[in-house]
Student: 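Structure incoming, see below.
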Amino acid sequence: MKERLYRFFYGRYGNDALNQFLFFLEVILVVLSLFIRNFALTILFFMVFILYFYRTMSRNIYVRQQENAKFINLRSKGTHLIKAMQKNMKDKAYKHFVCPKCSQIIRVPKGKGTIEITCPNCRTKFTKKA
Ligand SMILES: [Zn+2]
């Protein structure tokens with residue numbers, strides 16, 4: 001029995017950051033469904049559950065890793081955008097931008113007009129109004 005179970009799970013993808021996020025989303029949907037009776041919410045719950053289960057049990061590890069890498073990149077871009085906005089609200093002398101390529105937060109002095117910014121991390125150039 002133990003060996004059959006081991007053989008079943010052998011070569012399966014398992015858990016990653018995207019699946020952890022999907023699980024977190026599931027928990028939120030369950031809590032929401034306690035307060036809101038909505039058919040669309042139930043459908044959404046099952047869709048996320050199927051996706052979570054499919055990714056965990058998948059044997060196509062390479063594709064799952066690519067999806068996870070895209071998710072991590074998007075998540076880091078999102079958190080850096082929020083951080084840059086928070087810094088823009090606190091620090092009035094500087095303006096903070098997020099590099100479109102590597103998501104590095106870049107600080108430039110305010111009131112310089114439209115300038116070309118070179119990312120110190122990846123050397124990507126982009127123009128913004130400071
Ligand atoms: Zn960069």
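The analysis underlying the following values was restricted to heavy atoms, covering all of them including side chains, and did not include hydrogens, waters or symmetry mates. Everything numeric here is computed off the predicted structure, so don't read it as measured data.
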Student: Identify, with sequence neighbours excluded, every residue that meets salt bridge (charged side-chain N to carboxylate O under 4.0 Å, His left out) alongside R64.
Tutor: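 Only E67 meet the salt bridge (charged side-chain N to carboxylate O under 4.0 Å, His left out) criterion with R64.
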Student: Considering residues at least two apart in sequence or located in another chain, which fulfil the salt bridge (charged side-chain N to carboxylate O under 4.0 Å, His left out) criterion with R7?
Tutor: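 Salt bridge (charged side-chain N to carboxylate O under 4.0 Å, His left out) check on R7 returns E3.
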Student: Once you measure the plane-to-plane angle for F21 and F71, does it fall in the parallel (<30°), tilted (30-60°) or perpendicular (>60°) bin?
Tutor: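 Tilted, since the angle between the ring planes falls between 30° and 60°.
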Student: CG of N121 to SG of C99: how many Å apart, nearest 0.5 Å?
Tutor: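 Those atoms lie 7.5 Å apart.
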Student: Quick check: closest heavy atoms across C122 and T124, and the distance to 0.1 Å?
Tutor: SG-OG1, 2.9 Å
Student: With no hydrogens and no angle check, just 3.5 Å: does a side-chain donor-acceptor pair link N19 and T56?
Tutor: yes
Student: Given side chains that start at C-beta, do those of S33 and T42 come closer than 4.5 Å, heavy atoms only?
Tutor: no
Student: Which value, rounded to the nearest 0.5 Å, describes the distance between C119 atom SG and I105 atom CD1?
Tutor: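 Here the rounded value is 11.0 Å.
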Student: Does the side chain of F97 come within less than 4.5 Å of V108's, by heavy atoms?
Tutor: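 Heavy-atom side-chain distance check passes, below 4.5 Å.
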Student: Quick check: is L41 connected to F46 through a chain of hydrophobic side chains (ILVMFWY, heavy atoms under 4.5 Å apart)?
Tutor: yes
Student: For residues I50 and Y13: do they belong to one hydrophobic cluster (side chain heavy atoms under 4.5 Å, members Ile, Leu, Val, Met, Phe, Trp, Tyr)?
Tutor: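 In one cluster: no.
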Student: Counting C-beta onward and ignoring hydrogens, is there a side-chain heavy-atom pair between T114 and K128 closer than 4.5 Å?
Tutor: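 Counting from C-beta outward, T114 and K128 never come under 4.5 Å.
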Student: Angle between ring planes, Y10 versus Y6, binned at 30° and 60°: parallel, tilted or perpendicular?
Tutor: tilted
Student: Under the salt bridge (Lys or Arg N to Asp or Glu O under 4.0 Å) definition, can you give me all pairs with a residue in residues 29-40, not counting sequence neighbours?
Tutor: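 Checked against salt bridge (Lys or Arg N to Asp or Glu O under 4.0 Å) - neighbours excluded - no pair reaches residues 29-40.
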Student: Measuring from K125:NZ to T118:OG1, what's the distance to the nearest 0.5 Å?
Tutor: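 Answer for the NZ-OG1 pair, K125 versus T118, is 4.5 Å.
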Student: With the side chain counted from C-beta on, respond yes when T127 and I115 share a heavy-atom pair under 4.5 Å apart, and no when they do not.
Tutor: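 Counting from C-beta outward, T127 and I115 never come under 4.5 Å.
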Student: Indicate yes or no for a side-chain donor-acceptor contact from Q104 to the backbone of V98 under 3.5 Å, with no hydrogens or angles considered.
Tutor: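 It does not hold such a pair.
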Student: For I61 versus G11, what's the shortest heavy-atom pair and its separation?
Tutor: CD1-O, 3.8 Å
Student: Could you note down all residue pairs passing salt bridge (Lys or Arg N to Asp or Glu O under 4.0 Å) where residues 9-19 supplies at least one of them, sequence neighbours left out?
Tutor: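 Only D16-R55 qualify under salt bridge (Lys or Arg N to Asp or Glu O under 4.0 Å).
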Student: Mark yes when over 12 heavy atoms from residues, nucleotides or ligands other than M57 sit less than 6.0 Å from its CE; otherwise mark no.
Tutor: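 Count over threshold, so yes.
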Student: Would a single hydrophobic cluster contain both I43 and L22, if residues Ile, Leu, Val, Met, Phe, Trp and Tyr are joined by side-chain heavy-atom contacts under 4.5 Å?
Tutor: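 In one cluster with L22: I43, no.
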Student: I need the full list of side chain to side chain donor-acceptor pair (under 3.5 Å) pairs touching residues 71-90, with sequence neighbours left out, sorted by first then second residue.
Tutor: N88-H96
Student: Atom CZ of R4 and atom CZ of F9: how far apart are they, to the nearest 0.5 Å?
Tutor: 13.0 Å
Student: Is there a side-chain contact between Y62 and Q66 in this structure, where contact means two heavy atoms from C-beta onward sitting under 4.5 Å apart?
Tutor: yes
Student: Examine I106 and L81 and state if one hydrophobic cluster contains both, with Ile, Leu, Val, Met, Phe, Trp and Tyr joined whenever side-chain heavy atoms are less than 4.5 Å apart.
Tutor: no
Student: Between CG of L32 and CZ of F45, what distance do you get to the nearest 0.5 Å?
Tutor: 12.0 Å
Student: Strictly by salt bridge (Lys or Arg N to Asp or Glu O under 4.0 Å), give each pair with a member in residues 104-117 just once, sequence neighbours left out.
Tutor: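 Pairs touching residues 104-117 that pass the test: none.
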Student: Are F39 and I36 linked, directly or through other ILVMFWY residues, by side chains that come within less than 4.5 angstrom of each other?
Tutor: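 No, because F39 and I36 fall into different hydrophobic clusters, even though each may have its own neighbours under 4.5 Å.
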Student: Answer whether the closest heavy-atom distance between the side chains of F49 and L25 falls below 4.5 Å.
Tutor: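 They are not in contact (no side-chain heavy atoms under 4.5 Å apart), so the answer is no.
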Student: CG of L34 to CG of L29: how many Å apart, nearest 0.5 Å?
Tutor: 11.0 Å
